Amino acid sequence: MLKRDWGRIVFVSSESAINIPKDMIHYGTTKTAQLAVSRGLAELHRGTGVTVNAVLPGPTRSDGIEPFLEAMAAKEGVPVDQMATNS
């Protein structure tokens, strides 16, 4: 990319990199490390045609996350919809 003076690097991180969930410290830690790598690469390539970015999507209520939400709601003793809103 540097030889061509053009390129795009995009990391898909997570808002968990900034707001680490207490039940998922291992996940948040890896996403925080990913942000450090993306920031370092961005600084390294400043002034070139190579850009480095990280996107931090938040949780999305989907079929795959429902069992996780249900378990968290049961543990906290709250309705699933409330857990989904508070997450």
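Keep in mind the model is a prediction, meaning the values are calculated, not measured. Any value given below was found using the heavy atoms of this structure, including those in side chains, with hydrogens, waters and symmetry copies removed.
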Residues in salt bridge (charged side-chain N to carboxylate O under 4.0 Å, His left out) with Glu66, at least two apart?
-> Arg61
Table please: side-chain donor-acceptor pairs of residues 16-26 below 3.5 Å, with sequence neighbours left out.
residue	atom	partner	partner atom	Å
Ser16	OG	Ser14	OG	3.4

Val50 versus Trp6, closest heavy-atom pair with distance | CG2-C, 4.0 Å
Minimum-distance pair of heavy atoms, taken over all atoms of Val52 and Ser38 | CG1-O, 3.4 Å
Residues passing the side chain to side chain contact (heavy atoms under 4.5 Å, CB included) test with Pro79, sequence neighbours excluded, are Gln82
Listed once per pair and sorted, the side-chain hydrogen bond (donor to acceptor under 3.5 Å, both in side chains) pairs that draw on residues 68-78, sequence neighbours left out = none
How does the hydrophobic cluster around Val55 look, that is, which other residues are in it when side-chain heavy atoms under 4.5 Å mark a link?
-> Val12
What is the distance from atom OG1 of Thr32 to atom CD of Gln34, rounded to the nearest 0.5 Å?
-> 9.5 Å
Among pairs that include at least one residue of residues 40-56, which meet salt bridge (charged side-chain N to carboxylate O under 4.0 Å, His left out), considering only residues two or more places apart or in two chains?
-> Arg39-Glu43, Glu43-Arg46
hydrophobic_cluster_shared for Tyr27 and Met83, side chain cutoff 4.5 Å | yes
Flag yes if Val10 and Leu41 sit in one hydrophobic cluster, no otherwise; membership is Ile, Leu, Val, Met, Phe, Trp, Tyr, and two members link when side-chain heavy atoms are under 4.5 Å apart.
-> no
Beyond-backbone contact of Thr51 with His45, side-chain heavy atoms, under 4.5 angstrom | no
Testing Asn53, Leu35, Val37 for side-chain contact (heavy atoms from CB on, under 4.5 Å) with Phe11, which one passes?
-> Val37
